[in-house]
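Numbered from 1 within each chain, the chains take letters A, B, ... in sequence-line order. What's counted below: heavy atoms across the whole structure, side chains too, no hydrogens, waters or symmetry copies.
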Amino acid sequence: MKYQAPRGTQDILPKDSSKWQNILNVSKKNLEFYGYKEIIIPVFEHTELFQRSVGESTDIVNKEMYTFLDKSDRSLTLRPEATAGVMRAYIENGLHRDPKPVKLWSFGPMFRYERSQTGRYRQFHQINAEVLGSTSTSCEVEAMHLLSSIFHELSIDFRIEINSLGDEDSRKKYKEYFQKYTKGFLSDLCDDCKRRYEQNPLRMLDCKVKADQEIYAGAKKPTEFLSETSNKRWEEIKTLLGLYKDKAQRTIKNIVTNPNMVRGLDYYNDFVFEIISTDETLKGQSTICAGGRYDNLVESIGGPKTPGFGFAMGVERLMLVVKESGEKETSLMFITNQDDSYNITDELFKHTEHENLKLTVEINYNPGNITKQIESALKKNIDFILFYLDEEKKNNKIKIRNLKTREEMEIPAKAENIVEIVRRSISTKK
RNA sequence: GCAGUUGUCGCCAAGUGGUUAAGGCCCCGGGUUGUGGUCCCGGUAUUCGCGGGUUCGACUCCCGUCAGCUGCCCCA
């Protein structure tokens with residue numbers, strides 16, 4: 001074989017694409033139910049937009065961006081995440097003058113130059129959602145319900161972990177405290193943490209090295225340094241999510257606080273969360289959704305001061321964890337000679353459109369041997385076969401056979417009669 | 001970016017220096033021009049991820065490279 005897909009890219013084959021679409025459809029349905037509207041934005045942006053918004057100190061900007069010069073020497077970057085571009089579009093198109101909150105969702109490929117593994121790709125896809133213009137804790141609470149609903153509908157086992165990083169003030173105080181706390185241990189820490197000590201002390205908290213964790217275990221957590229307003233928010237969210245109630249009384253049962261959780265992007269403040277699949281096939285990459293509040297992002301890239309909240313779901317990771325592929329369509333196969341069955345299929349198509357019926361039709365490409373055609377229909381797991389051969393045509397009839405129940409009947413050769421039979425079989429199945 | 005590991009047909013694989021690279025599944029054709037998955041017969045790798053090297057001779061050994069997987073880093 002001559003060509004291979006580049007490292008970290010993936011083909012979604014026909015056998016999997018219906019699962020993919022199901023993930024998208026379920027997400028879209030839930031998002032739009034809560035008032036999110038779709039926004040479609042470019043796959044690349046000016047490099048500077050990501051540097052500013054995602055943050056110069058992040059790994060994403062430092063080593064993972066697909067950056068290139070176009071023929072006019074503009075520095076462009078394939079988007080590593082969606083929020084920056086959505087914010088740019090929000091400002092540029094004056095959506096900040098729309099009634100608040102503005103709720104947007106989007107879907108598409110993202111690009112990060114990293115080592116690929118199961119559930120981690122260089123081109124990967126996210127379903128992304130943003131709420132702009134509201135500081136209400138309803139943003140957070142509603143999102144937890146919305147996401148629970150999506151993952152329940154997709155039959156995924158998951159757990160939600162939440163935390164608060166606090167506002168700028170809270171984080172500054174915590175950073176000072178934490179640096180002071182760890183200073184004496186500096187020589188005992190792993191190399192990564194030594195580096196993080198200066199660059200991003202918060203990140204030390206979710207270090208995977210056991211010895212380091214033992215050192216940090218004695219330290220206070222960011223939530224103990226929350227400013228008054230941040231603390232009020234945090235308590236309100238926990239109350240609204242029922243964390244102070246008995247587990248049995250909560251509407252979302254599998255939600256816990258994780259005081260060590262931090263985020264990889266710089267723009268978050270206060271509430272942050274991750275949704276973790278408890279399915280073991282995901283191994284190291286078990287986070288299927290993550291997000292948080294970003295009240296300073298819009299302003300930092302030149303827009304009016306606008307509070308924001310958002311999250312992203314990783315579609316490739318969901319693909320590994322979702323078992324079902326959604327509603328199966330009913331399939332028909334015509335056993336016929338290569339002539340005028342298309343009159344009927346054209347009619348059928350119009351009926352399926354009007355009646356919102358999921359039907360797929362196949363006309364056997366190799367007419368001749370009837371036995372082989374039936375075998376072919378069985379192999380393809382077809383639901384109905386339609387005999388429309390000389391004998392039937394003479395009487396203007398069709399023989400329709402349900403391959404699952406083996407029932408067969410002769411009906412007028414008309415689309416509406418076929419649709420009726422199919423409908424009847426679907427309703428008795430349910 | 002670092003470390004380990006793997007790569008023979010669409011899939012699962014045998015083969016470990018010696019002529020034409022097993023087998024199974026799938027797929028295609030036939031037995032069977034009008035009705036059920038069985039069965040039988042036949043077909044499908046000038047080539048072992050790719051490129052070099054060693055050798056009389058390489059799927060087998062060496063080097064490089066590409067890709068997958070696992071851990072780290074980080075993240076959806």
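Taking atom CD on E130(A) and atom P on A76(B), their separation rounds to 12 Å, with Å as the unit. Note: NZ (K15(A)) to P (C27(B)) measures 15 Å, nearest angstrom. Put simply, CD1 on I335(A) is 12 Å from P on G34(B), counting in whole angstrom units. In this entry the distance linking CD of Q373(A) with P of G30(B) reads 12 Å, nearest Å. Protein atom CG of L389(A) is 11 Å distant from nucleotide atom P of U35(B), rounded to whole Å. Taking atom CD1 of I275(A) as the reference point, atom C1' of C75(B) lies 16 Å away to the nearest angstrom. The interatomic distance linking M261(A) (CE) with A76(B) (C1') rounds to 14 Å, in whole Å. In this structure, the CZ atom of F273(A) is 10 Å from the P atom of A76(B), given to the nearest Å.
Comparing the same atom, P, in G43(B) and in A21(B) gives a spacing of 15 Å after rounding to whole Å. G24(B) and G42(B) are spaced 11 Å apart, taking the P atom of each and rounding to whole Å. Annotation: U44(B) and U35(B) have their P atoms spaced 32 Å apart (nearest Å). Across C61(B) and A14(B), the matching P atoms stand 15 Å from one another, rounded to whole Å. U32(B) and C26(B) are spaced 23 Å apart, taking the P atom of each and rounding to whole Å. Taking the C1' atom of each, G15(B) and U47(B) are spaced 14 Å apart, rounded to whole Å. Of the C1' atoms belonging to G7(B) and C48(B), the separation is 10 Å, rounded to the nearest Å. The same atom, P, is picked in U33(B) and in U8(B); the two are 41 Å apart, to the nearest Å.
Where M313(A) and E392(A) meet RNA chain B, the nucleotide closest to each residue was compared, and E392(A) sits on the side nearer the 5' end. Nearest-nucleotide positions on RNA chain B place N402(A) closer to the 5' end than the other of R317(A) and N402(A).
Between Y388(A) and F334(A), the distance separating the two ring centers is not shorter than 6.0 angstrom. A ring-centre distance under 6.0 Å is found for F178(A) and Y216(A).
The partner of U55(B), taking Watson-Crick or G-U wobble pairs whose two distances both stay under 3.5 Å, does not exist in any strand shown. When both pairing distances are held under 3.5 Å, G29(B) makes a Watson-Crick or G-U pair with C41(B). Across all strands shown, the partner of G23(B) is C12(B), judged by Watson-Crick or G-U wobble contacts whose two distances both fall under 3.5 Å. For U65(B), the paired nucleotide is G49(B), the pair qualifying as Watson-Crick or G-U wobble because both relevant distances are below 3.5 Å. In this structure, A3(B) forms a base pair with U70(B), meeting either the Watson-Crick or the G-U wobble geometry with both donor-acceptor distances under 3.5 Å.
For NZ of K28(A), the number of neighbouring non-hydrogen atoms (other residues, nucleotides, ligands) closer than 6.0 Å is 12 at most. Shown here is K253(A), whose NZ atom has more than 12 heavy atoms of other residues, nucleotides or ligands within 6.0 Å. In this structure, K414(A) places its NZ atom where only 12 or fewer heavy-atom neighbours from other residues, nucleotides or ligands lie under 6.0 Å away. In K380(A), the NZ atom is not crowded: 12 or fewer heavy atoms of neighbouring residues, nucleotides or ligands sit closer than 6.0 Å. Around atom NE2 of H145(A), more than 12 heavy atoms belonging to other residues, nucleotides or ligands sit under 6.0 Å away.
The structure places CZ of R317(A) at 13.5 Å from CD1 of I23(A), a figure rounded to the nearest 0.5 Å.
The pair E48(A)-R52(A) meets the salt-bridge criterion, with a side-chain N (NZ, NE, NH1 or NH2) lying under 4.0 Å from an Asp/Glu carboxylate O.
Between F225(A) and Y174(A), the ring-plane angle classifies as perpendicular under the 30° and 60° cut-offs. The aromatic rings of W234(A) and F271(A) are tilted relative to each other, their planes meeting at an angle between 30° and 60°.
Annotation: cation-pi pair R401(A)/F387(A) absent, no NZ/CZ under 6.0 Å from the ring centroid and within 45° of its normal.
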Sub-3.5 Å pairs of nitrogen or oxygen atoms, protein against nucleotides 65-73 of chain B:
| from | atom 1 | to | atom 2 | distance (Å) |
| --- | --- | --- | --- | --- |
| C66(B) | O2' | Q4(A) | OE1 | 3.3 |
| A67(B) | OP1 | R7(A) | N | 3.4 |
| G68(B) | OP1 | G8(A) | N | 2.8 |
| G68(B) | OP2 | R7(A) | NE | 2.9 |
| C69(B) | O3' | T118(A) | OG1 | 3.3 |
| U70(B) | OP1 | T118(A) | OG1 | 2.7 |
| U70(B) | OP1 | K283(A) | NZ | 3.3 |
| U70(B) | OP2 | T118(A) | N | 3.0 |
| U70(B) | OP2 | T118(A) | OG1 | 2.7 |
| G71(B) | OP2 | Q117(A) | OE1 | 3.4 |
| G71(B) | N7 | Q117(A) | NE2 | 3.3 |
| C73(B) | O3' | R196(A) | NH2 | 3.1 |
| C73(B) | N4 | R120(A) | NH1 | 2.7 |
| C73(B) | N4 | R120(A) | NH2 | 2.9 |

For nucleotides 37-43 of chain B, give me every protein contact, N/O to N/O, under 3.5 Å, one pair per line with atom names.
| from | atom 1 | to | atom 2 | distance (Å) |
| --- | --- | --- | --- | --- |
| G37(B) | N2 | L378(A) | O | 3.2 |

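A pairwise comparison of heavy atoms in P101(A) and V131(A) identifies CB-CG1, 3.7 Å as the closest pair.
For RNA chain B, the residues of residues 288-297 of chain A within the heavy-atom distance limit of 4.0 Å (strictly under) are I288(A), C289(A), A290(A), sorted by number.
Ring-base stacking between F387(A) and G34(B) is not satisfied when judged by a centre separation under 5.5 Å and a plane angle under 30°.
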